[in-house]
Each structure stands twice: as structure tokens, then as C-alpha cells.
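Each chain gets a letter, A, B and so on, in the order its sequence line appears, and its residues count up from 1. No experiment lies behind these values; they were computed from the predicted model shown. The figures here come from the full heavy-atom set of this structure, side chains too, leaving out hydrogens, waters and symmetry mates.
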Amino acid sequence: MLILDRLRQSIAVALDKAVKHLSDQGTVDSASSTSDVSGLSQQDLESYAAMVRPTADPRFGDYQANCAMPLAKILGRPPRDIATALVDHLDVTDLCDDVQIAGPGFINLRLKSQFLGDSIAAMLKDDRLGVPLAALPRTVIIDYSSPNVAKPMHVGHIRSTVIGDALARTLRFLGHHVITDNHLGDWGTQFGMVIYGFKHFGDETALQSSPVEELSRLYRLVNRIIEYNAAKSEIESARIAVNDATRMVDVALQAVTDAKEPKEKKSLEKSHASASKKQAAAIEKLDKLESTIANSVEDTGFMQLASQHPGIADAVLNETAKLHEGDAENLALWKRFLPYCRDEIDRVYQRLNVSFDHTLGESFYHEMLGKVVDDLRAAGLASDSEGAVCVFLPEFDAPMIVRKRDGAFLYATTDLATLFYRRDQFGADEILYVVDSRQSEHFDKLFAVARRVGFEDIELIHVNFGTVLGPDGRPFKTRSGSSVGLESLLDEAVARAMAVVCDPERSVRLDPPMDEDEKRQIASVVGHGAIKYADLSHHRTSDYKFDLQKMVSMDGNTSAYIQYAYARVSGIMQKGGVELEAIASFGNAPRLDDPSERALAMTLLKFGESLMQVRAEYAPNFLVDYLYETARAYAVFNENCPVLKAHDDQTTQSRLALVALTARVLRQGLDLLGIQVVARM
RNA sequence: GCCCUCGUAGCUCAGUUGGAUAGAGCGCAGCUUUCCUAAAGCUGAGGCCACAGGUUCGAUCCCUGUCGGGGGUACCA
């Protein structure tokens, strides 16, 4: 059991006794005569016991119990009296040195060194590093990554992939039955684009020799023509929009100048600001269209193609519709192209060291969609509106549309079909959707419909996350406004890591010197780790700025810092000729005389607590914070406590235990984040 | 218009169901290397936790309002 849970349990027992004791004494205060509390329910006891938490300041011990203050009103006693009664009934002699009451009624708990040492010894012997398996294992489906195939993966796919993978690894480690499913977009318009592209611009030889490149070329070409045509047709109205917006700004400004009353003026200033914002947006849109056109006009080859395919956008939609209707030619092309598209994304997953139990894309559910709509209609949930089939929900303004006017289905329909499939085939207790925050309304509706069709017992959770921003604080885009390719970012991260690994200043210190293979290996582990770690180190719901320079930097809270701590630990083990696993059998509890030894031990013992936090909030940044704290605690220890050069063997053995456990915690923790380690760097 | 979300050090970000003097990194000013990797460690300066009310013994956290950023808002996903 985790130390925190043991303390909570002890507090709950003591609290139960204390409350009974206090009520036997009778209440002294007449004001509380209304509350004849003779005991607390089990649930209450647990919630008060849960108010045990690690202290913020080491002066207050290691953990503190904060339940006396909120109980004061309920029990009609001063909080310090309650704390005193609680401490009188508290039996933690095995765990704690002394128990002190401080301030208004904080109960400060300081763990015994002996207990810490014994716990470290037990943790060393445990493959699970003292982390208990879930008492009630659940079947958890995690839906993450879900890129559109036939389109290059971009920076936006990092978050879902990395967060989902970290959650899958962590929940699995905690003993849950985790099923990961990559809900690919493999049935959408992008295939219409590739099919159209192949029919008109395809190169059979190229497709055979390098299919992925050829498909990607076709996608980009068709996409470019569509964007160019759209830009051309929209640019006039965009100019008008800018003019209109500018006029509105002038009008609003004039109104502000003319305003007499301050109150009126303030309101008009607000509309002026709002008009200016609209103007800026209109100008930005126009700029984008203009640059799209400007980037193409000089490319005569492209211009010729574009002029030959004026109706390409509709034609693409037509190809998509034909595919969905089962047109033999398009279906054959889809079946032919899909494996190549899968190879393409699989290559990225391989780089990222991410895998899935299932990859059931949209196409998998295609056959089931009609039935979903029919069932919703039969259940009286769906109805026709403006030609579309809609589910109207009282708690939402807009309906959830499950079938378009033209008969096509939407992702809401697919998501419902997926939900039924997962319930029936996987027996899910819990389904996590690791998807962008912007889709929260979609999931609110989806879950609301699910509750009405028999999903009351399945916990459906939108594990939402924020946007990746560029250096300007706006969504990360290239200068031309397109999204940034994922692979080029990975390449750049690895290249930067390589530059540091090869830094002659430091590589001369390593003996034996690194060969090229080892350097490449290290650069890969450090570079990919950097991008993952940077993503996971932010709370998933925050937006964050993508700053490669900082991510790959070796200073601060980065993966390289943790990996470096691990490498130094490995160096000590190697130099000492000790195997990591062998240290488990030392058996003796380490001595924790130096404050930095005690601090390191204390941190190591909190590994399980950090995982509980990850689990509770589906937020891997708690584990990241923990690992950074551990690496720092180790760095201080490393500074103050020689291991192999300690003054006696006993101390060496004792410290080796801490060193080995640090290595295992860092390695395991990083592994749960999907990040690897190297023996030296 | 309506809904959601965010606002914490110069910058980038943490902050565990409300807890004691709000933390870290970068940057800045210093210090430390006969010692297992200095890709390190230590010290210091730096804060009206956007603002105003409210609830509470106690509010960065909960409620209401204001201001400011981002996102969504009937047939794309």
C-alpha cells in the first residue's frame, strides 16, 4: 500500500474513535446542540481522511492532515481540540517520529527514517516499485491519435498521440485492462482527392516504385489546386469584406468621437474594438488568399493544371461519394491505396514508439451507420429537420445531425456506431477520447445521446487538450499558413540532439569514445524524447508554445535532464561493477543520514502517488513533474554523497541501493511516458 | 448574441477534492570543480495569482460580475 494511503487509513480509524469520544463527552457549546453528531459515516471518514496530503514545506514534516478545521463547525468544537483528540487516538508509531499540532489545527506527520529505509528496501525487491495494482481493474478503451490517412501527419497530431500513449501505458501499469484503438480517418474526402489525383495526374510507374511518395504528391497537388481555385473565387469577396470592415471601424471610431455621455462612449469604444478585431481578421484572411495565389502564378506548369481542372472541388466530392456508394473502381483504388497510407503513418508510429491494439478506422463502421440512424429514429430520438436527420437535445441549442440532407453520414454517426461496437465487442467500463478541446461540444452531445440509449454504466470521458502554438502565440503554422509537418519536427529535434551529443568538448570525457552508431542511437532517444516530454510536461488542457530550442535544451525541465540523470546513475553502476537488478537482493535498508539521502528516499517513495494523480485526472504532467523532482533530488544527493568513493563499504552499499532505485524509478517513469533511456550520453 | 476555456515572476509554465511564508525552468547577479559525466550544484533579486464583490476559520482554487486572450456555435472532422 502507498504510504499516503496508509496514513489516510490510520487517520480514518483515529478520527472515528476521536469523534465518538468527543460525542461521549457531550458538547460543551450550546450553539452546536442542534448537531448531535455521534459518528461519521464511512464515506465522510474517507473524505476527511483524504485531507492528508504531502506538506508544501519540509518544516511541517512529510505529510499533513487538514481535517480538524472543517470538522470544527460540524462537531461544534475548536479545531485544535479535535486535532488533539485525533492525535490521542492515532496509532502511527511504526510510521512516524512525532506528530505535532500546529497553527489552527494542522496535524504534521514526519516519517521515521527507519520506516523510510525499510520502505526503500521493500521497493527495491518489488518489480512494481511499490505501486499497488488497481483494486478494481477496469476495462478502459483509449481512443487516440486518429489521424486522417493519405494526408501527411502534422504537429497537431503530437498531442493526442503522445498523451494517449502515456495514459495507455500508465493505466496498464496500474493493472487496468487497457484497449487502445486508433480511430483512423480513412474514409473521407482526402481519399476522393487521391482518387481524383490518380485518375488525372497519376503515374503508375511511380506508384509502383515509391507508392507513399506518389500518393502524397497526388494529395498535395490536388489540395493545392483546390486551395488555389478557392482563393481565386474568394478573393474578390475577401477584398469587399476588408473594405466593409474598414468602413465599420471608421464609423465606430466616429461614433466614439461624437459620443457625449461617458457611459455611451464606453460602450461605443467596445464596439470599435470589436470592429477592429473583425477588420484584422478580414485582412489576415485576404493576405492568406493573396499569398496562396502569389505562390502559384509563377509556376506555369501548375497554373496550366489548375486551369484545366476548374471544377476539381466538386469532382473530388463526387469521387468520395462514389466510393461510399460502393463504386467498383473507386473501391478498388481505395483498397489499393490504403495499405500504403497505413505504412506511411506506421513509420511515424514506429519512430515515436507508439502502437495500438486495434486500428478500426471510419471505414470499418461504414456498413453500420444506416442502422444507427434507423435505431435512433425507432427510439424516437432522431427526427427529420430541414431534410437532415437530427437528434434534438433540450440541453443544446443545435441538434446533433446524424445524416445530412444529401444522405451522407457524419462523424457523429460514426462515433455512435463506434460506441455500440466498443460496448458490445470490448465490454468497456470506461472510454477515453483523447481529442482536441475544440471538439468538446461534439462530445457533450455524443455523451448525452449515449446516456439516452443505454450507456449509463459506461464512463465516457473526453480527455481534451489544448492547442500547440507557434512562437507568436498563435496556432503553430508555417509561414505560408499550412500546418507544420510532424516528421520534419522530429528530424530537427534529432538533429539538434545529435549536435549536442557530438559536442567534442564533452565527448572527450567519455571512455570508451562513442562510435557513430551509439551517437545516432542517443540522438534519436534524446530528440524524440524531447518532443514527447515537452508536450507531456504541460497540463493537457493548456495551450503551449512549441519551442524546439527549449525542448532539446539540456537545461531545465526537459527529457534530456532526466535522461542525463539516468545516464549518470548508470555510469556509477557500471563503474562499481554492479547490476541494477542485483541490488534488490542486498536486503538491508539504506541509512538515510544525510538530508539529501532522506529527501531522495522520500521522493522515490512517492512514485506511486504521482501515478494516482495521472490516473485521477488523465494528466501525465503529474508524472513528468514527479520525475523532474526525482532527478533534482538525485542531483543534490549526487553532489553531496559520494557512492563508490564513500568512506566505508557499508555507506557505499547503502547509497548504491538509493542509486539503483533512482535508476529504476526514472526508467520506469519515462517508460510510462513512452520515453526511452540510454546508458550514457 | 449564446456556450466553453484561459488570465500566476521579464519570458515559458506548474500549483493534487479550498490550507500554513504561491513554486520551477529560462533569463539576470553572484558562488562552487585535487571528488563516481560541470549536459551539474548552491545563493540572490524578481508576485496586488487580471480586476471587483461574495461564501469560508482560511480563496490562486468555489460563486457572481467586469476587463482581456483563445475556441466553438445545423449538415467538415
Taking the C1' atom of each, how far is B:G1 from B:G46, in whole Å?
43 Å

Please give the distance between the C1' atoms of B:C36 and B:G70 as a whole number of Å.
50 Å

How close or far is atom C1' of B:G71 from atom CG of A:Asp444, stated in whole angstroms?
14 Å

Is the Lys NZ or Arg CZ of A:Lys445 less than 6.0 Å from the centre of A:Phe392's six-membered ring, within 45° of the axis?
no

Symbol by symbol from the 5' end, with Watson-Crick or G-U pairs under 3.5 Å, [ ] crossing and | another strand, RNA chain B is (((((((..((((.....[...)))).(((((.......))))).....(((((..]....))))))))))))....

Among B:C2, B:A74, B:G41, find the nucleotide with the atom closest to the side chain of A:Ala635.
B:G41

Pick the C1' atom in B:U17 and in B:A9, then give their distance to the nearest Å.
28 Å

What's the gap between B:C3 and B:C63 when it is taken at their P atoms, as a whole Å value?
15 Å

If you measure from the C1' atom in B:C6 to the same atom in B:U12, how many Å do you get, rounded?
16 Å

So what does A:Glu386 touch, heavy atoms closer than 4.0 Å: a base, only the sugar-phosphate, or nothing?
base

What is the per-nucleotide protein-contact pattern of nucleotides 11-24 of chain B, from the 5' end, where B denotes a base atom under 4.0 Å from a protein heavy atom, S denotes such proximity for sugar-phosphate atoms only, and - denotes neither?
-SSSSBB-BBB--S

Starting the side chain at C-beta, find the nucleotide from B:A74, B:C36, B:C57 nearest to A:Pro642.
B:C36

With a 3.5 Å cut-off and just heavy-atom distances, do the side chain of A:Ser385 and the base of B:A74 make a donor-acceptor pair?
yes

Does A:Arg568 make a side-chain N or O approach to OP1 or OP2 of B:A38 shorter than 4.0 Å?
yes

For the aromatic rings, using the six-membered ring if either is Trp, is the centroid distance between A:Tyr533 and A:His538 under 6.0 Å?
no

Rounded to whole angstrom units, what separation is found between the CG atom of A:Leu644 and the P atom of B:U37?
9 Å

Look at the side-chain N and O atoms of A:Lys445 and state whether any lies under 4.0 Å from the OP1 or OP2 oxygen of B:U73.
no

Rounded P spacing from B:U64 to B:U55 in Å
15 Å

Between B:U21 and B:G58, how many Å separate the two C1' atoms, rounded to a whole number?
15 Å

Not counting sequence neighbours, which residues clear side-chain hydrogen bond (donor to acceptor under 3.5 Å, both in side chains) with A:Glu319? List them please.
A:Lys199, A:Asn330

Separation of the C1' atoms in B:A14 and B:A22, to the nearest angstrom:
11 Å

Under 4.0 Å between a Lys/Arg side-chain N and an Asp/Glu carboxylate O for A:Arg110 and A:Asp62?
no

Pair A:Thr55, A:Asp57: side-chain N/O donor-acceptor within cut-off below 3.5 Å:
no

